[in-house]
J.: 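I'd like to ask you about the structure that follows.
None of the values given here were measured: they were computed from a predicted structure. In listed order, ligands and their atoms are each counted from 1.
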Amino acid sequence: MTIKGLNLLFQSNRSKLTCTYKCGNACWGECTNTSDNVYFGDVVSRRGVLKSFGLGVVTVGGGAALVACGAEPGDGAATATATTDGSSTAAEKDVKALEGMQFEAVEPNTEDKVVVPAGYATGVLIAWGDPVYEDAPEFDPNNQTAKDAERQFGFNNDFAGLMEHPTDKNRLVYVCSHEYTTEPHMFPGYDAENPTDEQINIGLANHGHTILEVSKVGDSGELKREFGPLNRRITANTEFELRGPAAGSDLVKTGADATGTKVMGTLNNCAGGMTPWGTFLSGEENFDQYFANAAAVQGERAAEDVKRFGVEDEASERKWERLHDRFDLAKEPNEFNRFGYIVEINPLDPESTPVKHSSMGRFKHEAGNVHVAKDGTVVCYSGDDSRFEYIYKFVSSKKVKEGDLAHNMTILDEGTLYVASLEGNSPESEITGDGDLPSDGQFDGTGTWHKLLTVTADGAESHVDGFTPEEVAVYTRFAADKVGATKMDRPEDFQVNPVNEKLYLALTNNSYRGASGENASKSKEDVKEYAPIRENKNGLVMEIDDDFAGESFTWNLLLVCGDPEAASTYFGGFDKSKVSPISCPDNLAFDSYGNLWISTDGNALKSNDGLYAVGLEGENRGQVKCFLTVPKAAETCGPIVTDERVMVNVQHPGETDDATFENPGSHWPEGGDSVPRPAVAMAWRTDNKKIGVDA
Ligand code: FEO
Ligand code: CA
Ligand code: CA
Ligand code: CA
């Protein structure tokens, strides 16, 4: 694997170096889903063409009232603010922002700092290399060791969660994941062809998770890191228990683990979610890039699998396989099948063994986010973040039992795994690829959840012809192909808004969607109503009304992201002259009022990534306001939005292609001529009042 050259179609701000080290060039390579699964939408939307003219408009979400039923195709951008009764719209008056969003929007910028609205302060909670354990040394980038790194804050923090401390009211417990390492920016004089053994082991130690006790600073929203008994690092060397149908199967047995139940480490943990029973979930995402020698893998399905995930035929970029056989598929082909799961961690027991849940399938899990239905059934949503891959949900058969952690930590083992197909309700001829709204005024439609796998205490049942239960759990993408799953534009965070109980899905971008020219062969599907932008560079945000435990849903596109001055964009019907530009939506959060908050990754509008609040209801629906931007070349991750504070994980600051350790692309957070350090940034009101509420 090497750093790929410039692809003119891919105009994200993300550097080539980030592509290489973050996702193993998933951004640049051939699309790996070559399935010709019966595409449900083709079948249904052809039917839809015949039927839809006589049907009423399917309206989903609060935006329905702002939609013009009589609009003609092609004038979507202009008509988005008309109403059915002709009354004045958001376009014609200044709309007061909803509670939670009452701040002065931050303008697009390229500053090498965290920028927040007037009246807010910022700080850094912890940065790469800071000690997590009291006996760990202070960070010295010129004198790193693997032993120290196992006890210091890891690299490139992504997911973030905050929970109450079990005993101390003045403390909270902060948890996060460490997605990946960027060795050329971590080590002085790094030689990518000849990494030292110590550098390889430092890389392993900088992956995983951190659990950190933090204390409240006075009455402000500021937090301070503490050394407490809950502090813990989990790394690529921590033992995990594999559960579900894959566990114990021949697909996951290795030389080091003949039981197929004990996995060393977790890799590329991207986003995640807190559970109501006091644990957190984390998705193993681009795990393929750590493995080498795909060409040596035997067996048709296994060989297809390494290809679909994109493992290199020969050496990996980091070359960990030179030191550790487990990363060499020529020596340990099954080790690969032990990654790509949702992991669950109990942060309140530092001795606990983290779990990998194979009942929820194996793919490039962006995250896992749970919702508890009214009867206690747990639904866990997860996107497979690759171009033209799928969205999934798991519906538990067990119910949550308050106060029974041991029981609750088995909930995600038993139940049914589903994958989604979507269909639009407008004629395909009205989906132009340019963002023109169809004549019903919305990109919207319906969807179906297709069963893949059911796991019970007595065993597991596959719902896919030709697949055993353990094969569904391991080769989930291929099983999903078979039931007609819908190819999406890189599904990232996928979670329920606890206030309005609707689901939101970030579809970050897909520059190969309906692509022509040099990328035509990489397009696996043309534009569709659920992916209506050709060569989608700026992403989409979908709103879904799901039955939770049921098998059907309706959906609509809340945002077609990008420059609001571009005709292709859509902001839920809100006046586009009064919104912040937003590009490449990635992680989601909700404030206490039910506003949606979106962090971005790879802003294709030539300004820094940021965190944006989005109104969802009434005349504020689609109002997007930038609250914060992160420093140069950084990605905004893991947002936490409470009444007291906003927190973001600032990932890969300064990760530009022309930067090196010696000549950094950013000096955040320490300034001067320091090396950039991924870190946790906080923002709070200087008057200690609630975030986003007019005093
Ligand atoms: Fe790690 Fe899907 O972003
Ligand atoms: Ca429609
Ligand atoms: Ca992400
Ligand atoms: Ca991302």
Side-chain angles (χ1 to χ4, degrees), residues 12 14 18-19 21-24 26-27 41 45 48-49 51-53 55-61 63-64 67-69 71 73 76 156-160 177-180 207 267-273 282-289 363-369 382-387 389 391 422-432 436-446 488-495 505-510 528-530 532 539 542 554-557 570 584-589 598-602 609 635-639 648-649 651-652:
S12 159
R14 184 185 269 194
T18 302
C19 282
Y21 282 88
K22 182 184 182 79
C23 55
C27 316
S45 58
V49 172
K51 282 181 171 181
S52 62
F53 295 108
L55 292 176
V57 177
V58 176
T59 53
V60 183
V67 168
C69 294
N156 274 342
N157 37 309
D158 193 304
F159 168 68
S177 63
H178 298 288
E179 185 181 17
Y180 73 104
H207 282 69
L267 290 169
N268 212 262
N269 297 80
C270 195
S282 164
E284 293 183 316
E285 196 192 24
N286 292 296
F287 61 96
D288 51 289
Q289 61 181 298
F363 46 90
K364 293 191 177 187
H365 283 282
E366 168 70 15
N369 278 288
S382 190
D384 183 349
D385 179 13
S386 290
R387 277 185 288 242
E389 290 293 344
I391 54 174
L422 283 78
E423 56 228 41
N425 61 10
S426 294
E428 287 213 345
S429 60
E430 294 187 0
I431 308 304
T432 63
D436 305 321
L437 289 174
S439 57
D440 69 358
Q442 289 240 62
F443 297 116
D444 61 349
T446 56
M488 310 293 286
D489 283 358
R490 291 193 53 206
E492 300 249 25
D493 265 10
F494 187 20
Q495 63 191 92
L505 169 64
L507 295 151
T508 202
N509 57 45
N510 182 354
K528 299 286 176 186
E529 192 163 354
Y530 51 78
M542 185 175 282
T554 56
W555 59 269
N556 73 92
L557 290 182
Y570 175 69
C584 301
D586 189 348
N587 301 138
L588 307 178
I598 301 173
S599 65
T600 65
D601 166 16
D609 274 315
E635 168 181 347
T636 323
C637 297
V648 292
N649 275 342
Q651 201 188 60
H652 60 77

J.: Would one find an N, O or S atom of E179, in either backbone or side chain, under 2.8 Å from atom 1 (Fe) of ligand 1?
T.: yes
J.: Is E492 close enough to atom 1 (Fe) of ligand 1 to have an N, O or S atom under 2.8 Å?
T.: no
J.: Which value, rounded to 10°, describes the OD2(D385)-atom 2 (Fe) of ligand 1-OE1(E366) angle?
T.: 120°
J.: Between the side chain of W555 and the main-chain N/O of D444, is any donor-acceptor distance below 3.5 Å?
T.: no
J.: Restricting to non-hydrogen atoms, name the atom on C270 and the atom on E179 that form the minimum distance, rounded to 0.1 Å.
T.: SG-OE2, 3.3 Å
J.: At distances under 3.0 Å, what protein N, O or S atoms surround the Ca ion (ligand 2)?
T.: N425 OD1, S426 OG, D440 OD1, D440 OD2, Q442 O, D444 OD1, E529 OE2
J.: State the CG-OG1 distance between N556 and T554, to the nearest 0.5 angstrom.
T.: 7.5 Å
J.: Nearest 10°: the angle subtended at atom 1 (Fe) of ligand 1 by C270 SG and E285 OE1?
T.: 100°
J.: Could you tell me the separation between the NZ atom of K528 and the CD1 atom of I431, rounded to the nearest 0.5 Å?
T.: 10.0 Å
J.: My understanding is that only one of L588, L505, N587 makes a side-chain contact (heavy atoms from CB on, under 4.5 Å) with Q495; could you say which?
T.: L588
J.: So which atom in S599 and which in P639 form the shortest heavy-atom distance, rounded to 0.1 Å?
T.: OG-CD, 3.7 Å
J.: Any idea how H652 and Y180 line up, ring-wise: parallel (<30°), tilted (30 to 60°), or perpendicular (>60°)?
T.: tilted
J.: Is there an N/O/S atom in C23 at a distance below 2.8 Å from atom 1 (Fe) of ligand 1?
T.: no
J.: Is there a side-chain contact between D288 and K364, using heavy atoms and a 4.5 Å cut-off?
T.: yes
